[in-house]
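These notes concern the structure reproduced below.
Every number for a ligand or one of its atoms is a count from 1 in the order of the listing.
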Amino acid sequence: MNDSPSAGFSISEGAFQKALRAVEIESGIRLPDSNRRTLISFLAGRLTALDMDMERYLRHVWRNRAEYAALIDAVTINETYFFREEKHFRILKNHLLPQWDRKGIQYFHFWSAACSSGEEAISLNAMIHGMRKEKGGRGIRASILASDINPHSLALFTRGIYTRNAFRKDGSAFNGLLEPYLRRETHSVIIDDSLRKEIDIQKINLFRDDLSELKERFHLIFLRNTLIYMSLEIRGEILDRVVKTLRPDGYLFLSASEIPLISHPLLELEQVQNTYFFRKKNPEELRQGVNPNPICEVVPSDLGETGAIPLSIERVLPKKEIPFAGEVRGKYPIDTEKILFYASQRLNNRLFTAQQDINFSFALQFLHIIWLIRENRYADGRDLMELIDPLLPKNEISCYLWGYLELVRGNPQKAGFRFSEALQCNSGCWPARFYRANTLRDEYPRIAEREYETCGRDICSYIDQNQYYYQFLLEGFNAKYFLDMCREWQKRLKEDRRWP
Ligand SMILES: C[S@@+](CC[C@H](N)C(=O)[O-])C[C@H]1O[C@@H](n2cnc3c(N)ncnc32)[C@H](O)[C@@H]1O
């Protein structure tokens, strides 16, 4: 690590890294590169104003509430708006609430677990109020907890004053539900107390605070657009804590872009109208150890004749069968297409073997790396990649997996570079294009939009041709899922262009 001052500001790179580590240890947040400059200028300002070095400042922060709040505010991304990802609210209205109603649940417990300034929780409450009005004052009620680590955001929530930016095209299908509770002023929109005061607003740090009081309390948790800013290890830890607060058969919603990076042994992925969310397994499912794969049942046509895709590589790939393909360079013909073919066949059929071919061994190695990633054993995954990668010519699978490993470590820029390399090896490697678009989305939305468009086209032709060879890279999801994501993001980015 070099200790030279960060460009244009008066704190050293070493001091800055110390602050980043302290923030991650406290909150789990790994600051995206795009926010680096803002934090550097914030810290430089604070160190000067308080006349402290970084060590002293970091000690001061944990003892001083106002300073803590200011630092947390500088590192959190608080972007949110009413009825964000309106598809989730549609599922709630048309699917989950009627289901609970049929089961006789009259009161359901909801947690907006990283609520920022509260738009998510208010949206939900407006929806419940709307449905009760439709039923003449009868129907389901909700107890709503809304929490965040950022005291500044919670203060905004408590004031209930919003800007027009809190109302976007995405969400507009339901924004009408807020009308009876709105007062418009020249530069702001005020939400009526009646809607806000029913919500229990608390400061909760999902990474550090004791959540045991909330054990198995919630029927529904929204934890959207938050884990994305954390390393996969920390995501796993937070997910573990949050899952404990869900009731059996309770639902967890993450944002669409987070879902492919998440798996948990107690969570079952569900899909309704191409919208994906998790359900906590119930005791009966856990006793039976069943792991039905609803994705396969929902869109069987994408899977060819081969049938179900096991969600867990572990179940099809006993570790003792993983040979080490040493001393191969130059001696054996390496063929990436064959590796792809073998990996997808093996993933799909545990009896599939082709041991005579070195490409088969590589296919097993790649499957093993994916299994390690799913087990959150990223360091082991990287170690294995480092062993096998030098044995192979540059190829799209290695580049893709390197990209994926960077992504889960929270290095989107490095990941984007690796995904670009995968595309240089094979421009048709659409999983790499998909994730490349994800890494570009915030800083280069126009390029990301074009990438999603190209990726969507590539996926369509992949599906049309009944192809299967990238399936093993998709972690149990199918091509149709990625196609939906591409279309969704293209639409959103297009809308963002129209809605400043
Ligand atoms: C981008 S906002 C998401 C808001 C809302 N869930 C949505 O999807 O529109 C992310 C929020 O996560 C909060 N956050 C980050 N780390 C957290 C932690 N460790 N505990 C609780 N909240 C956290 C941030 O303060 C921020 O308000």
(message) Enumerate the ring pair (Phe, Tyr, Trp, His ring centres under 6.0 Å) contacts for residues 178-217, please, sequence neighbours excluded, ordered by first and then second residue.
(response) His129-Tyr181
Protein heavy atom at shortest distance from [atom]:
atom: atom 1 (C) of ligand 1; result: Ile77 O, 3.0 Å
atom: atom 3 (C) of ligand 1; result: Arg224 O, 3.5 Å
atom: atom 4 (C) of ligand 1; result: Ala114 O, 3.3 Å
atom: atom 20 (N) of ligand 1; result: Leu206 N, 2.9 Å
atom: atom 15 (C) of ligand 1; result: Ile29 CD1, 3.7 Å
atom: atom 8 (O) of ligand 1; result: Asn225 ND2, 2.7 Å

Should the pair [X]-[Y] be classified as a salt bridge under the 4.0 Å nitrogen-to-oxygen rule?
X: Glu24; Y: Arg21; value: no
X: Lys18; Y: Glu55; value: yes
X: Glu488; Y: Arg492; value: yes
X: Glu270; Y: Arg279; value: yes

Name the option, out of [options], that contains the heavy atom nearest to [atom].
atom: atom 24 (C) of ligand 1; options: Asp148, Val242, Asp209, Asn150; value: Asp148
atom: atom 23 (C) of ligand 1; options: Ile149, Leu254, Thr80; value: Ile149
atom: atom 26 (C) of ligand 1; options: Leu154, Asn78, Ile204; value: Asn78

(request) Would you mind telling me which of Arg46, Arg59, Arg56 makes a salt bridge (Lys or Arg N to Asp or Glu O under 4.0 Å) with Glu67? (result) Arg46
(request) Would you check if the side chain of Asp170 reaches a backbone N or O of Glu85 as a donor-acceptor pair within less than 3.5 Å? (result) yes
(message) Donor-acceptor check, side chain of Thr76 to backbone of Asn78, threshold 3.5 angstrom: yes or no?
(response) no
Would you mind listing which atoms of ligand 1 come within a distance below 4.0 Å of any non-hydrogen atom of [X]?
X: Asn205; answer: 18 (C), 19 (N), 20 (N)
X: Thr226; answer: 10 (C), 11 (C), 12 (O), 14 (N), 15 (C)
X: Met230; answer: 16 (N)
X: Glu120; answer: 5 (C), 6 (N), 7 (C), 8 (O)
X: Ser116; answer: 4 (C), 27 (O)

Residue part near ligand 1, for [X], under 4.0 Å between non-hydrogen atoms:
X: Thr76; value: side chain
X: Arg208; value: neither
X: Arg84; value: side chain

(request) Could you label the plane-to-plane angle of the His219 and His109 rings as parallel, tilted or perpendicular, counting under 30° as parallel and over 60° as perpendicular? (result) parallel
(request) Taking the six-membered ring for Trp and the single ring otherwise, decide whether the centroids of Tyr400 and Tyr470 are under 6.0 Å apart. (result) no
(request) With sequence neighbours excluded, tell me which residues meet side-chain contact (heavy atoms from CB on, under 4.5 Å) with Thr275. (result) Lys87, His88, Ile91
(request) Output yes when the distance from some N or O of ligand 1 to some N or O of Ser153 is under 3.5 Å, and no in every other case. (result) no
(message) Below 4.0 Å from ligand 1: does a non-hydrogen atom of Ser27 turn up there or not?
(response) yes
(message) Under 4.0 Å, counting heavy atoms only: does Glu85 come that close to any atom of ligand 1?
(response) no
(request) Of all the heavy-atom pairs spanning Arg436 and Ser420, show the shortest one and how long it is. (result) NE-OG, 2.9 Å
